[in-house]
Structure formats: C-alpha cells, structure tokens
A.B. asks: 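The following block contains the structure, expressed as structure tokens.
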Amino acid sequence: MVFDLTYWLTTPLGHIFVVIIGLAIGSFLNVVITRLPLMVERDERHLSLQQLNIEPPQVTSLNLAWPRSFCPSCRASIRWRHNVPVLSWFLLRGRCATCQQPISVRYPFVEATSALLLLVLFMSYGPSLEFCFKAIFCLGLIAVAYMDWETGWLPDIATIPLIGAGLLFSAVNESQPGALGPTDAIIGAVAGYGLFWLLNFVYRSLTGRNGLGYGDFKLVAALGAWLGWVLLPLNLLSAALIAFVFGIYMVVAGKYQSDVGIRFAPFLSVAGIGLLLVHDLGMLPMYLSG
C-alpha cells in the first residue's frame with residue numbers, strides 16, 4: 001500500500017502533527033520577537049558609530065540561531081526539557097528553573113496561538129500553496145504585533161517582507177476564483193502607506209511631532225497588499241475600535257501611560273488576521289468580499 005502523505009495530513013494524527021509544527025514555529029517566533037529588535041538596534045548603532053569614525057564596541061554575538069535560548073533575568077541557558085512549548089511554562093509555573101524569576105506569559109501564548117492558527121488555516125486550505133502563504137501572513141503579524149507591543153518598534157526587516165509576500169501571493173494565486181488580484185493588492189499597499197503617511201503629515205504639521213511610527217506605514221501597506229483596498233478601510237476601522245476600547249480600559253484601570261500611548265500595530269494585526277479568516281470563510285457581505 002502506497003503511503004499518501006496528503007491524505008494522512010487530513011486525519012486526526014495529521015492534525016496533531018500540524019499542531020506540533022505550529023508549537024515549534026511559535027517557539028521560534030518568541031526568539032524572533034525577543035532578538036530581532038535587539039539585532040537591528042545593534043546594527044544601526046554600529047553603522048552610526050562607523051559613520052562617525054568611531055570603532056564600535058565588541059559585543060556578544062546574537063542572532064536568531066545563537067546563542068541557545070536563555071533566561072532573560074539570569075542569562076542561564078535553558079535546558080531542552082524546560083523548553084518544550086507551552087508545557088514547560090506550566091510545569092515550571094511560569095518561572096525560570098534556575099533563578100525562579102517570572103517568565104512572561106507571552107511565551108506560551110504565542111506558541112499556543114501559532115499552533116491554533118496553523119491548524120485553522122490547514123483545515124481551511126489543506127496542504128496547499130495558499131496555506132503556506134497565509135500562514136506566513138498570520139504568523140508574521142503575530143511577531144510584528146508583539147514587537148511593537150513590547151518595544152514600540154517595527155523593524156523594516158519584519159514589515160517589508162510581509163508586503164512582498166502579499167504582492168507575490170496575489171500574483172501566483174490570481175487565477176483562483178474570488179482571489180485578490182495583483183492590481184487590487186498594489187492599490188491596497190499604496191493606499192495603506194499613503195493614508196498613514198498623510199495622517200502623520202497632518203498631525204506633525206499641527207503638533208510638531210509624529211503621531212504614527214513609520215513602521216505603522218509599512219504594516220498598513222502589508223495589510224493592504226494582503227486584504228486589498230476594499231477590505232483595508234474595514235481593517236483600519238476594526239483596529240481603531242479595538243484600540244479605543246482597550247484605551248478606555250487602560251485609563252479606567254489606571255494603567256495608561258501618556259508617554260507610551262496606545263501602540264497600534266497589535267490591533268492592526270488582530271483585525272487583519274480576523275478579517276482574513278472571516279473573509280475566507282465567506283462570512284462577509286458580498287460587496288466586501290472582493
């Protein structure tokens with residue numbers, strides 16, 4: 001009997017395999033969220049020093065593969081048995097095995113969310129090119145959302161590839177019924193970037209300071225490339241409403257910090273993932289379905 005991988009992936013065992021892959025990807029996303037901003041900041045600082053003819057200081061090598069995972073508090077390397085996605089965090093009660101300092105709930109949340117999203121996407125599209133592209137979109141938005149949430153910074157290396165992936169997907173998938181075409185994707189990307197650039201220009205003209213980060217421009221361009229210009233306004237409105245409700249909660253709870261404000265990328269990302277899934281499930285009105 002010939003082993004049929006495609007059929008096996010549609011069985012319960014295949015779905016469990018997809019979940020395990022999702023957990024592993026989520027674990028890697030945690031590394032990206034933590035290290036990528038540090039890596040970009042280090043490189044930009046070194047470049048600035050070199051332009052001033054100042055020798056950059058020697059620092060410990062840090063990239064997405066090295067060094068191995070370590071505790072952010074005591075810097076002790078994390079043993080493999082303490083690095084099992086989701087499970088280890090609960091077994092350790094959310095604390096480092098070495099120094100007992102708390103470990104952020106972000107780690108199991110990102111891992112579990114990645115696994116759930118991957119399973120939902122796989123059950124919708126199966127082992128297809130569409131599944132791969134839309135997994136890149138959703139998982140990329142998770143990383144982008146948390147980087148902005150924790151640092152207030154969206155590196156170009158995280159947002160620009162999302163724009164490129166959206167435009168590429170619109171080109172290779174345009175022959176499918178109801179698919180977003182390259183023209184709509186390009187218009188969506190340009191409109192998204194241009195709208196946020198204009199809003200920031202007006203705000204800066206009135207107040208003398210930026211109201212939006214330049215990383216937000218590129219993130220909205222990415223959302224426009226994936227969702228198209230028809231759905232982009234709904235994405236922005238949904239994100240604004242979620243951010244408004246969250247802002248009220250922060251003020252009422254006494255947690256709002258005026259110097260930090262409300263970072264918008266997490267809400268854009270949540271709305272973007274939600275719209276993509278709802279659109280593909282056919283739950284939007286016909287005039288919004290593209």
Side-chain angles (χ1 to χ4, degrees), residues 19-49 56-118 138-159 213 215 219 246-247 249-250 253-267 269-270:
V19 168
I20 292 173
I21 295 298
L23 290 171
I25 293 175
S27 182
F28 177 70
L29 284 184
N30 276 319
V31 175
V32 173
I33 293 166
T34 300
R35 299 189 184 187
L36 189 60
L38 296 175
M39 292 162 52
V40 174
E41 182 182 21
R42 175 200 61 198
D43 292 343
E44 290 187 353
R45 184 171 60 250
H46 281 201
L47 179 60
S48 298
L49 291 175
Q58 295 294 324
V59 295
T60 303
S61 176
L62 177 71
N63 55 49
L64 298 181
W66 181 265
R68 59 182 292 185
S69 298
F70 55 86
C71 171
S73 297
C74 67
R75 316 293 288 186
S77 295
I78 299 176
R79 299 175 182 176
W80 70 266
R81 66 176 181 273
H82 296 150
N83 208 24
V84 179
V86 179
L87 181 62
S88 290
W89 190 89
F90 282 100
L91 291 177
L92 293 170
R93 298 182 180 180
R95 295 184 177 275
C96 171
T98 302
C99 67
Q100 296 301 307
Q101 289 298 309
I103 297 175
S104 173
V105 72
R106 181 252 286 177
Y107 290 90
F109 181 79
V110 167
E111 292 161 353
T113 302
S114 299
L116 178 61
L117 274 175
L118 208 67
C138 292
L139 296 174
L141 285 183
I142 292 176
V144 163
Y146 261 103
M147 278 189 277
D148 188 52
W149 180 271
E150 295 184 352
T151 68
W153 192 27
L154 294 176
D156 287 351
I157 195 173
T159 54
L219 175 57
F246 178 77
Y249 162 75
M250 293 292 284
K255 297 180 180 180
Y256 179 76
Q257 297 175 295
S258 58
D259 58 327
V260 175
I262 302 296
R263 291 166 178 166
F264 203 32
F267 307 104
S269 299
V270 169

A.B. asks: Testing the basics here: between Arg42 and Leu62, what is the closest heavy-atom pair and its distance to 0.1 Å?
C.D. replies: NH1-O, 2.8 Å

A.B. asks: Is the side chain of Arg35 donor-acceptor paired with the backbone N or O of Ala65 at a distance under 3.5 Å, no angle test?
C.D. replies: no

A.B. asks: For Ile157, is the CD1 atom crowded, meaning more than 12 foreign heavy atoms sit under 6.0 Å from it?
C.D. replies: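 Result for CD1/Ile157: open.
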
A.B. asks: Could you state the interatomic distance from CG (Leu23) to CG (Leu29), rounded to the nearest 0.5 Å?
C.D. replies: 11.5 Å

A.B. asks: Minimum heavy-atom separation for Ala265 to Leu219, with atom names?
C.D. replies: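 What the structure gives for the nearest pair is CB-CD2, 3.6 Å.
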
A.B. asks: CG/Leu38 to CG/Asp43 distance, rounded to the nearest 0.5 angstrom?
C.D. replies: 11.0 Å

A.B. asks: Calculate, to the nearest 0.5 Å, the distance between atoms CD and SG belonging to Gln101 and Cys96 respectively.
C.D. replies: 8.5 Å

A.B. asks: Quick check: closest heavy atoms across Pro266 and Trp149, and the distance to 0.1 Å?
C.D. replies: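 Smallest heavy-atom distance, with atoms named: CG-CE3, 3.7 Å.
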
A.B. asks: Can you find a side-chain donor-acceptor pair between Arg95 and Ser73 that sits under 3.5 Å?
C.D. replies: no

A.B. asks: Under 3.5 Å, is there a donor-acceptor pair between the side chain of Ser27 and the main chain of Val84?
C.D. replies: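 Flag not set: sc Ser27 to bb Val84 has no pair under 3.5 Å.
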
A.B. asks: Crowded around Phe109 CZ? As in, over 12 foreign heavy atoms under 6.0 Å?
C.D. replies: no

A.B. asks: Look only at the side chain of Trp89 and the backbone of Ile103, and say whether a donor-acceptor pair between them is shorter than 3.5 Å.
C.D. replies: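 Here the side-chain-to-backbone pair exists.
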
A.B. asks: How many angstroms lie between OG in Ser104 and CG in Asn30, if you round to the nearest 0.5 Å?
C.D. replies: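 Taking OG in Ser104 and CG in Asn30, the distance rounds to 8.5 Å.
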
A.B. asks: Start with the C-alpha distance between Leu139 and Phe28, add both sets of side-chain angles, then the distance that settles side-chain contact (heavy atoms from CB on, under 4.5 Å), and finish with yes or no.
C.D. replies: CA-CA 11 Å; Leu139 296 174; Phe28 177 70; over 6 Å; no

A.B. asks: Hey, are the side chains of Asp148 and Phe264 touching, using non-hydrogen atoms and a 4.5 Å cut-off?
C.D. replies: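 No, their side chains stay 4.5 Å or more apart.
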
A.B. asks: Measure the CG-CD distance between Leu87 and Glu111 for me, rounded to the nearest 0.5 Å.
C.D. replies: 10.5 Å

A.B. asks: Can you name the nearest heavy-atom pair linking Ile142 to Ser114, along with the distance?
C.D. replies: CD1-OG, 4.0 Å

A.B. asks: Assign the ring pair Phe267 / Phe246 to parallel, tilted or perpendicular, where the plane angle (0 to 90°) is split at 30° and 60°.
C.D. replies: tilted

A.B. asks: How many angstroms lie between CD1 in Ile21 and CG in Leu118, if you round to the nearest 0.5 Å?
C.D. replies: 8.5 Å

A.B. asks: Show, in sequence, the C-alpha distance, side-chain angles and deciding distance for Thr98 and Cys71, and conclude whether the side-chain contact (heavy atoms from CB on, under 4.5 Å) test is met.
C.D. replies: CA-CA 8 Å; Thr98 302; Cys71 171; over 6 Å; no

A.B. asks: Surrounding CZ of Arg106 (heavy atoms of other residues, nucleotides or ligands, distance under 6.0 Å), is the total greater than 12?
C.D. replies: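 Atom CZ in Arg106 is packed in, count exceeds 12.
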
A.B. asks: Could you report the tightest heavy-atom contact between Leu92 and Ala97, atom names first, then the distance?
C.D. replies: CD2-CB, 4.0 Å

A.B. asks: Any sub-3.5 Å donor-acceptor pair from Asn83's side-chain atoms to Ile78's backbone N or O?
C.D. replies: no

A.B. asks: Taking all heavy atoms of Val86 and all of Pro108, pick out the closest pair and write down the distance.
C.D. replies: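 Residues Val86 and Pro108, closest heavy atoms: CG2-O, 3.8 Å.
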
